[in-house]
Amino acid sequence: MTGPALFLLLAGLGAIAWVSARARAMRLQTVARATGRRDAVHSLPGYHGWYVALWAIVPAVLFLAVWSNIAPGLVTQAVLADPAAQSLPADDFSRSAILGEARAIATGAQAGAFNPLSQGLVEPYRAAISKYGLAGAVLAIVLAFAGGAYAFTRVRPDFRARTRVERLVMATLLIASLIAIVTTVGIVASLLWESFRFFSMVNPLDFLFGTKWSPQSAAMGYGNKDAFGAVPLFWGTIFIGAIIAMVVAIPLGLMSAIYLTQYAQPVVRKWMKPTLEMLAGVPTVVYGYFAALTIAPALRDFAVTIGIHGASSESALAAGLVMGVMIIPFVSSMADDSIAAVPQSMRDGSLAMGATTSETIRKVLIPAALPGVVGGVLLAVSRAIGETMIVVMAAGLAANLTLNPFASVTTVTTQIVQLLTGDQEFDSAKTLAAFALGLVLFIVTLLLNIVALRVVKKYREAYE
């Protein structure tokens with residue numbers, strides 16, 4: 001029995017269990033009320049149905065999850081015990097390759113065999129897979145029936161089914177939240193450990209304050225002292241993500257929010273706001289192609305026209321402009337919500353004092369909404385400094401410490417991608433530098449998000 005069919009069968013058994021238990025609970029509760037035992041009824045019939053359905057489904061699903069990890073080993077042992085496997089080579093690598101090819105053919109993942117020995121093991125594999133697949137399906141169905149029958153016997157008017165179901169729901173929510181926490185802790189722990197290994201090879205001061213970034217020279221044996229100065233990477237990240245992109249995103253995003261909240265007709269706002277927010281859903285690789293093929297050549301030609309020679313076709317300005325357009329929805333959405341949250345009485349009071357609409361916006365609405373706008377800008381900055389594809393495709397890979405927007409620069413995320421691309425040795429400073437860069441980027445992004453959330457929280461408390 002295939003996996004989807006088995007899960008559909010278990011779902012069907014769960015539905016039958018739910019209907020049966022609910023009907024039994026309704027019948028027993030009706031009898032209890034008719035005999036004057038209303039206090040004995042604890043839970044609604046639906047809770048009884050969910051209790052029995054969960055007992056029918058959850059144990060079987062957990063068993064299948066465990067069985068899916070045990071069955072491949074049992075299948076391999078059964079194949080190795082077959083007479084056709086006696087001619088396999090003693091070398092573990094060759095044997096694993098032959099067994100893997102035979103398994104792929106048996107499961108339909110591969111059409112033919114490159115090794116003649118693999119073809120002889122296809123039928124034993126099919127037989128073993130069928131045998132243990134059927135065994136797992138039968139045991140899961142038996143477990144579903146057993147769990148459902150056990151729970152069905154506990155259905156009675158005074159049974160606290162609601163408490164049991166709600167505890168299971170709470171446990172599920174707790175596990176879901178713990179997964180996120182454990183994942184975050186694991187990410188931080190891996191970054192800290194690998195960064196510690198890197199800093200045992202490279203002086204942290206040289207990394208944080210050095211101005212020369214050349215990890216390839218370190219990999220070629222020229223030493224680590226002057227190869228891992230990350231200041232050009234930090235400057236490129238700030239130059240593109242926090243300066244050029246923000247110069248584009250903040251005015252356009254703020255003016256868009258002001259127009260949509262104060263001047264646009266409801267029909268115009270209905271269409272313009274979703275259209276503006278669609279920019280946030282465009283894949284960054286599309287922005288990267290647009291920057292590399294359209295914006296960057298146009299900026300290079302413009303620089304040559306105004307007399308700037310040596311302008312690169314991969315420039316910080318091209319990446320920053322497109323990145324700024326990409327994060328306009330972040331700034332606009334936060335500013336829109338912040339301006340709309342300003343109490344109507346403040347608008348009416350300003351207008352009643354004789355102020356024009358533009359004066360009300362400049363002197364009342366924007367100052368009142370400023371904390372929320374600042375929070376949106378900080379969140380947009382954290383999004384911009386973590387961008388990779390646009391920088392890779394439009395800004396280049398040169399670690400230059402320059403103020404020239406028409407020059408090629410690189411960022412932290414771009415170098416992380418470059419350092420971890422291809423076959424790498426994780427005992428060299430060149431590869432471990434990616435984790436140190438990731439740790440710095442993680443700390444900066446975390447601090448920006450903390451500040452932004454605190455600013456937004458303080459703003460919300462002011463008008464709630």
Side-chain angles (χ1 to χ4, degrees), residues 180 237-266 268-284 286-287 319-347 350 357-391 413 441-464:
T237 303
I238 295 171
F239 192 32
I240 294 176
I243 297 178
I244 298 177
M246 289 301 106
V247 168
V248 175
I250 293 176
L252 293 180
L254 185 57
M255 288 189 289
S256 300
I258 292 172
Y259 173 75
L260 291 175
T261 56
Q262 304 301 315
Y263 293 104
Q265 297 295 325
V268 177
R269 175 182 170 84
K270 177 182 177 182
W271 289 100
M272 285 193 65
K273 187 172 176 59
T275 304
L276 179 64
E277 292 178 348
M278 283 177 60
L279 290 174
V282 177
T284 56
V286 176
Y287 282 111
L321 289 176
V322 177
M323 192 182 298
V325 173
M326 180 190 70
I327 61 177
I328 285 175
F330 293 88
V331 178
S332 176
S333 179
M334 288 293 294
D336 189 313
D337 295 339
S338 302
I339 294 173
V342 176
Q344 184 65 34
S345 59
M346 296 181 66
R347 296 183 179 86
S350 176
T357 301
S358 61
E359 290 174 337
T360 300
I361 293 171
R362 290 197 320 270
K363 298 182 179 181
V364 178
L365 297 183
I366 297 300
L370 189 60
V373 174
V374 172
V377 169
L378 292 176
L379 290 174
V381 170
S382 66
R383 172 69 179 85
I385 66 175
E387 175 54 40
T388 304
M389 288 305 301
I390 295 176
V391 182
T413 54
L441 187 64
F442 174 81
I443 293 173
V444 172
T445 306
L446 179 64
L447 291 176
L448 284 173
N449 279 274
I450 290 174
V451 173
L453 291 175
R454 288 182 65 86
V455 170
V456 173
K457 182 180 179 180
K458 182 178 180 180
Y459 159 73
R460 286 176 177 171
E461 289 176 351
Y463 297 111
E464 283 181 352

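Not measured: the values here are computed from a predicted model.
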TODO: Evaluate the side-chain contact (heavy atoms from CB on, under 4.5 Å) criterion for residues Y287 and V282: first the C-alpha distance (whole Å), next the side-chain angles of each, then the deciding distance (0.1 Å), finally the verdict.
DONE: CA-CA 8 Å; Y287 282 111; V282 177; 3.6 Å; yes
Open item on the list: Determine whether a donor-acceptor pair (N or O, by modelled atom type, separation under 3.5 Å) exists between the side chain of S332 and the backbone of I328.
Closed with: no
Task: Separation between CG of L448 and CD1 of I443, rounded to the nearest 0.5 Å - done: 12.0 Å
TODO: Keeping the roles fixed (side chain from S382, backbone from L379), state whether a donor-acceptor pair exists under 3.5 Å.
DONE: yes
Task: Heavy-atom donor-acceptor pair, R383 side chain to M326 backbone, under 3.5 Å - done: no
Open item on the list: With a 6.0 Å cut-off (strictly less than), is the heavy-atom count around CD of Q344, excluding the residue itself, greater than 12?
Closed with: yes
- [ ] Taking all heavy atoms of R347 and all of I339, pick out the closest pair and write down the distance.
- [x] NH2-O, 2.7 Å
- [ ] For I327 and A380, work out which heavy atoms get closest and say how close.
- [x] CD1-O, 4.0 Å
Task: Atom pair CD1 (I385) and OG1 (T413), whose distance is rounded to the nearest 0.5 Å - done: 9.0 Å
Task: Backbone N/O of L252 and side chain of S256: donor-acceptor pair under 3.5 Å - done: yes
Task: Pairwise distance OH(Y263) to CD1(I361) - rounded to 0.5 angstrom - done: 3.5 Å
TODO: Taking all heavy atoms of A384 and all of M246, pick out the closest pair and write down the distance.
DONE: CB-CE, 4.5 Å
Open item on the list: To the nearest 0.5 Å, what is the distance between CD1 on I366 and CD1 on I258?
Closed with: 4.0 Å
